[in-house]
**Student:** 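Have a look at the structure that comes next, please.
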Amino acid sequence: MATSKEYKDYVLERLCEYMTDLSKDSKGGVESYTVSARKMFGEYCVYIQDSKSMQKPKALFLLCDECVFVKQYKLLESLLAHSQKAKPYPGAKEWYMIDIDSKELLQEIITTLAPILCAKDSKNT
């Protein structure tokens, strides 16, 4: 089942809300980051971009079958050690499945990955 536009909009809304809350709390330093999504093969990729730089947006999450997936970065191993893993699409490696309504977890993922992904000449971590 392909991810619906409504679910994509809901995910982006939640992410923006979480990032705004982080900015207000001065915890995460995410004020300059924006998120967007692009449709890919009936599913979506969620991108993050540092609006202060001219870098291209970087893939942050996949939305597949109405689920949120994040790549298994080494930086996230301890944070997501107990998270469920699944393949977002046939032939893919396993990714972590994330509950979009888990505010604290998503904020931690964003504050961990955003600076790394949006860094100039970033490589997969």
Side-chain angles (χ1 to χ4, degrees):
M1 154 178 92
T3 299
S4 67
K5 179 185 179 305
E6 292 77 18
Y7 184 73
K8 181 262 306 179
D9 291 343
Y10 176 73
V11 168
L12 290 178
E13 180 182 300
R14 300 302 291 174
L15 291 173
C16 288
E17 176 186 320
Y18 298 160
M19 290 170 65
T20 299
D21 289 349
L22 274 172
S23 296
K24 288 179 186 174
D25 294 343
S26 300
K27 290 180 191 173
V30 297
E31 305 83 25
S32 66
Y33 297 109
T34 57
V35 291
S36 61
R38 291 188 199 145
K39 194 166 185 126
M40 296 180 2
F41 309 108
E43 304 294 354
Y44 291 91
C45 185
V46 175
Y47 295 88
I48 191 159
Q49 182 176 24
D50 185 347
S51 55
K52 291 182 181 178
S53 75
M54 298 304 289
Q55 296 294 102
K56 290 183 179 181
K58 305 292 182 165
L60 181 63
F61 299 112
L62 291 181
L63 307 181
C64 301
D65 295 329
E66 306 282 315
C67 294
V68 179
F69 293 88
V70 66
K71 187 176 177 177
Q72 291 188 55
Y73 291 105
K74 289 183 183 188
L75 287 170
L76 299 177
E77 282 178 356
S78 61
L79 179 64
L80 300 174
H82 301 291
S83 295
Q84 182 178 351
K85 297 175 190 173
K87 295 180 179 186
Y89 53 89
K93 293 181 180 181
E94 286 191 331
W95 289 42
Y96 294 114
M97 291 181 70
I98 306 299
D99 177 4
I100 192 61
D101 294 314
S102 180
K103 179 180 179 177
E104 293 80 16
L105 179 62
L106 265 292
Q107 287 177 326
E108 189 72 29
I109 291 170
I110 291 167
T111 57
T112 301
L113 288 181
I116 304 301
L117 292 176
C118 294
K120 200 171 196 169
D121 298 326
S122 69
K123 303 283 185 213
N124 285 344
T125 53

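Since we're looking at a predicted model, the values are computed, not measured.
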**Student:** How about Asp101 and Tyr10: do any of their side-chain heavy atoms sit closer than 4.5 Å?
**Tutor:** yes
**Student:** Leu63 versus Val68: any side-chain heavy-atom pair under 4.5 Å?
**Tutor:** yes
**Student:** I'd like to check Tyr73 versus Ile116 (side-chain heavy atoms, cut-off strictly below 4.5 Å). Are they in contact?
**Tutor:** no
**Student:** Would you list the pairs meeting side chain to side chain donor-acceptor pair (under 3.5 Å) in which at least one residue belongs to residues 86-97, sequence neighbours left out?
**Tutor:** none
**Student:** Should Met97 and Ile100 be regarded as members of a common hydrophobic cluster, given that ILVMFWY residues are connected when their side-chain heavy atoms come within less than 4.5 Å of each other, either directly or indirectly?
**Tutor:** no
**Student:** Ignoring hydrogens, what is the shortest heavy-atom contact between Pro88 and Ala86? Give both atom names and the distance.
**Tutor:** CD-O, 3.5 Å
**Student:** Which atoms form the tightest heavy-atom contact between Ala59 and Leu117, and what is the distance?
**Tutor:** O-CD1, 3.5 Å
**Student:** List the residues meeting side-chain hydrogen bond (donor to acceptor under 3.5 Å, both in side chains) with Glu13, not counting sequence neighbours, and say none if there are none.
**Tutor:** none
**Student:** Rounded to the nearest 0.5 Å, how far does CD of Glu108 lie from OG1 of Thr111?
**Tutor:** 4.5 Å
**Student:** Is there a side-chain contact between Ile109 and Leu80 (heavy atoms, below 4.5 Å)?
**Tutor:** yes
**Student:** Between Val46 and Met40, is there a shared hydrophobic cluster once you connect ILVMFWY residues whose side-chain heavy atoms come closer than 4.5 Å?
**Tutor:** no
**Student:** How long is the straight-line distance from NZ of Lys58 back to SG of Cys118, given to the nearest 0.5 Å?
**Tutor:** 7.5 Å
**Student:** Over all heavy atoms of both residues, which pair between Pro115 and Thr112 is shortest? Give the atoms and the distance, please.
**Tutor:** CD-O, 3.8 Å
**Student:** Among residues at least two apart in sequence or on other chains, which ones pass side chain to side chain contact (heavy atoms under 4.5 Å, CB included) with Asp9?
**Tutor:** Lys5
**Student:** Rounded to the nearest 0.5 Å, what separation is found between the SG atom of Cys64 and the CZ atom of Phe41?
**Tutor:** 11.0 Å
**Student:** In terms of hydrophobic clustering (I, L, V, M, F, W, Y; side-chain heavy atoms under 4.5 Å; direct or indirect links), are Leu105 and Phe69 co-clustered?
**Tutor:** no
**Student:** When rounded to the nearest 0.5 angstrom, what is the spacing between SG in Cys67 and CG in Asp99?
**Tutor:** 10.0 Å
**Student:** Quick one, Ile110 and Val35 - any side-chain contact, counting heavy atoms below 4.5 Å?
**Tutor:** no
**Student:** In chain order, what residues pass the salt bridge (charged side-chain N to carboxylate O under 4.0 Å, His left out) check against Lys39, with sequence neighbours excluded?
**Tutor:** none
**Student:** Suppose the criterion is side chain to side chain donor-acceptor pair (under 3.5 Å): which pairs have a residue in residues 40-50, not counting sequence neighbours?
**Tutor:** Thr3-Glu43, Ser32-Asp50
**Student:** Kindly indicate whether the side chain of Tyr33, heavy atoms from C-beta on, has any atom under 4.5 Å from the side chain of Leu60.
**Tutor:** no
**Student:** Who are the salt bridge (charged side-chain N to carboxylate O under 4.0 Å, His left out) partners of Glu17, not counting sequence neighbours?
**Tutor:** Arg14
**Student:** Would you please name every residue forming a salt bridge (charged side-chain N to carboxylate O under 4.0 Å, His left out) with Asp65, sequence neighbours left out?
**Tutor:** none
**Student:** To the nearest 0.5 angstrom, please state how far the CD atom of Glu77 sits from the OG atom of Ser83.
**Tutor:** 12.0 Å
**Student:** Kindly write out the residues that satisfy salt bridge (charged side-chain N to carboxylate O under 4.0 Å, His left out) with Lys85, not counting sequence neighbours, or none if the list is empty.
**Tutor:** none
**Student:** Are Leu62 and Leu113 connected in the hydrophobic side-chain network, where two residues link if heavy atoms are under 4.5 Å apart?
**Tutor:** no
**Student:** Just to verify, what does Ser4 make a side-chain hydrogen bond (donor to acceptor under 3.5 Å, both in side chains) with, not counting sequence neighbours?
**Tutor:** Glu66
